[in-house]
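Written below as structure tokens is the structure these notes are about.
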Amino acid sequence: MNFLSFLFLISSKGGIKVNLVAQIQEEIKENLKTALVTAREKGKINFEIIPDFVVEVPREKQHGDFATNLAMLLPKQAKMPPREIAQAIVECFPETAYVNDVEIAGPGFINFRLNNSWLYQVIPQVIRQKEKYGTSNLGQGKKVQVEFVSANPTGLLHMGNARGAALGDSIANLLEEVGYDVTREFYINDAGNQIENFARSLEARYLQQLGQDVPFPDEGYHGEDLIETVKRFIEEEGDKYLNVDGKLRREMLVKYALDEKLTAIENVLRDFGVEYDVWFSEQSLHDSGEVQETIDILNERGYLYEQDGALWFKATEFGEEKDEVVVRSNGIPTYFAADIAYHRNKFERGFQWVINLWGADHHGHVSRMKGAMKALGYDSDRLQVVLMQLVRLFQGGEVLRMSKRTGKYITLSELVEEVGKDAARYFFVMRSPDSHLDFDLDLAKSQSQENPVYYVQYAHARICSILRQAAEEGIAVPAVDDVELTLLNTGEELELMRKLADFPEVVAGAAQALEPHRLTRYAHELAGQFHSFYTVCRVLGEDKALTEARLLLVQAVQIVLKNVLRLIGVSAPERM
RNA sequence: GCGCCUGUAGCUCAGCUGGAUAGAGCAACGGACUUCUAAUCCGUAGGUUGCAGGUUCGAAUCCUGCCAGGCGCGCCA
């Protein structure tokens, strides 16, 4: 398909999903290969194989619209300096309708300058696809699971969980956007030692509330919220568990508290814009026998052995430093055993790609889990763990240690209340998961007006304002086919269209790399270019044709801003 | 001691899987509101990319060794 027929395809089949930038890069790439072969036929250069070259968008505008490193990859094969190779390629580069100028620059780059005809296809494409602009079918409907937050249900959600929630949800959004069948899942750690500890803490609070002088467990959960929970329990159940068997008492308390905590967690996350498809109970894996089943399979496959009364997994066979206990000498399976069963369950449910978001403090667990998946016979590459560095919280210039046991930490609901959902989510997504995050509460509060999220949202609000103004003046936004878009020819307008054209690639790249922070960068750049445009170009003016063209441009920007903000989980306000 | 992450402008961070003169936002300084929202725009200044080697046409990016910080290394989760 040549470029003109490609343009024809877009204009004739409006709704077709294509990526303009990628299409042009492909087109240039094909022409370069043709030029290379032609040059060889003419005896200008010599080579055996065409190297794996790239056609990319140069960082510097003066280096043209697209550039290739092709010539710099050939000197060894061709036994010629790169600039001479470039010269031969350029001489044989076919005539095309869209390339204005080809030049050789620097050490041997070939730079392409295009005429603007292709850019005018962007606005119709955006407006026709609306909220679908940016979507693609990279995922081909494959089932992918994103498991995130999965906080212990023994307390409230803290800043680390908040980061996981913002990142995990945006990753899930991205994967949906590029055509995966996404399941958002929360793993509930409702079994094991922590729950036992939780139970004893609740029991102590219960008895204390009923006037008994009992000590609080040293390693117990000191959070104030536990006392509140117990008070509510007493309101409903009174003191009827005062003089019963401790096991029953703890069981009832845990049941009540877990239910309350999970409901609270679900509500807080919903307020944060996150909704799960599946809440998966760890206890259910024990109840269903899947933990035992998984242990049996590992045993049959010869990856377990007994020592000191415990059952060990041969992690060292998968490159680990030491083996891991899966069943303690007291007969109780470890968390690791349950987690292996859980991941086996994920694969058995048919997920082709399993993504976990874990705090960096669990990084040691990653290769062990992958080893366990190999031991079970699964392709461990289908399991991908995104590690987030921990969040450090500052207040009054001091570090606040986050600890459930001391009960001293800022909760997600407090964060949403004080900083706001939009700012908080933008802030968390803005940083790469790899970066340690210093969250200064005072700054977040005091600087709320200067938060970059407002910069982006303001661009959206400004556009809404223009469209409102137009409506009041009785100016209708015209249909895309009725407008002369080539009137948009200032630098600001061309840049803006160019930025709109980049969006599908940004989404695809961010999804593939599981890096939602690319979205905030894009959003900020797009908003910035709009603000520049706004300052220089008046939309509602004397010239009717120009007004119409600009109305369509800002409408397209509005659509893309809304789309990118939706992926981050941030609202697009119509007024500010 | 071993493993993972990080080290880029005064501060917080980008840098698109090795490209050309390393970029934004805050903070600083100087300008721009009679006009669709000034939560904005334009400009100035700010750098030995932690340090030292190596790989090649080319390194913030890849390799090695140091230095500094964070996190792990349990019959906890």
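Here is how names work: the chains are called A, B, and so on, in the same order as the sequence lines, proteins then strands, and each is numbered from 1.
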If you find the nucleotide of RNA chain B closest to G106(A) and the one closest to A310(A), which residue's nucleotide is nearer the 5' end? G106(A)
Of M430(A) and E321(A), the one whose closest RNA chain B nucleotide lies more 5': E321(A)
Of the options [options], whose atoms approach the side-chain atoms of [X] most closely?
X       : options                : value
L73(A)  : C41(B), C57(B), G3(B)  : C57(B)
D308(A) : C75(B), G15(B), C5(B)  : C75(B)
H63(A)  : C75(B), C36(B), A20(B) : A20(B)
R368(A) : G3(B), A77(B), C57(B)  : A77(B)
S532(A) : G69(B), C41(B), A39(B) : C41(B)
H524(A) : U40(B), A24(B), U6(B)  : A24(B)
M576(A) : A77(B), A39(B), C71(B) : A39(B)
Y455(A) : C36(B), C41(B), C76(B) : C41(B)
M72(A)  : C57(B), C75(B), G69(B) : C57(B)
L390(A) : A20(B), A14(B), C71(B) : C71(B)

How would you label the contact of [X] with the nucleic acid (heavy atoms, under 4.0 Å): base, sugar-phosphate, or nothing?
X       : result
H531(A) : sugar-phosphate
Q62(A)  : base
A510(A) : nothing
S432(A) : sugar-phosphate
P107(A) : base
A67(A)  : base
R538(A) : base
C537(A) : base

Rounded distance in Å between the C1' positions of A45(B) and G30(B): 11 Å
For G72(B) and G58(B), measure between their C1' atoms and round to the nearest Å. 38 Å
So, does [X] get its side chain near the phosphate of [N], meaning an N or O under 4.0 Å from OP1 or OP2?
X       : N      : result
Y458(A) : A39(B) : yes
R518(A) : C13(B) : no
T334(A) : A77(B) : no
R59(A)  : A20(B) : yes
N69(A)  : G19(B) : no
K76(A)  : U56(B) : no
Y534(A) : A38(B) : yes
S435(A) : G70(B) : no
R328(A) : C76(B) : yes
R462(A) : A38(B) : yes

A52(B) - base-pair partner by Watson-Crick or wobble geometry, distances under 3.5 Å: U64(B)
Determine which nucleotide pairs with G72(B), using a 3.5 Å limit on both distances of a Watson-Crick or G-U wobble pair. C2(B)
A side-chain contact here means heavy atoms from C-beta on lying under 4.5 Å apart; do I49(A) and Q77(A) qualify? yes
So, [X] versus [Y]: side-chain donor-acceptor pair below 3.5 Å or not?
X       : Y       : result
Y454(A) : D422(A) : no
E290(A) : N345(A) : yes
K261(A) : N152(A) : no
E473(A) : Q469(A) : yes

Atom pair CZ (R538(A)) and CZ (F533(A)), whose distance is rounded to the nearest 0.5 Å: 11.0 Å
Applying ring pair (Phe, Tyr, Trp, His ring centres under 6.0 Å), run through F313(A) and Y305(A) and close with a yes or a no. CA-CA 7 Å; F313(A) 171 65; Y305(A) 65 92; 9.6 Å; no
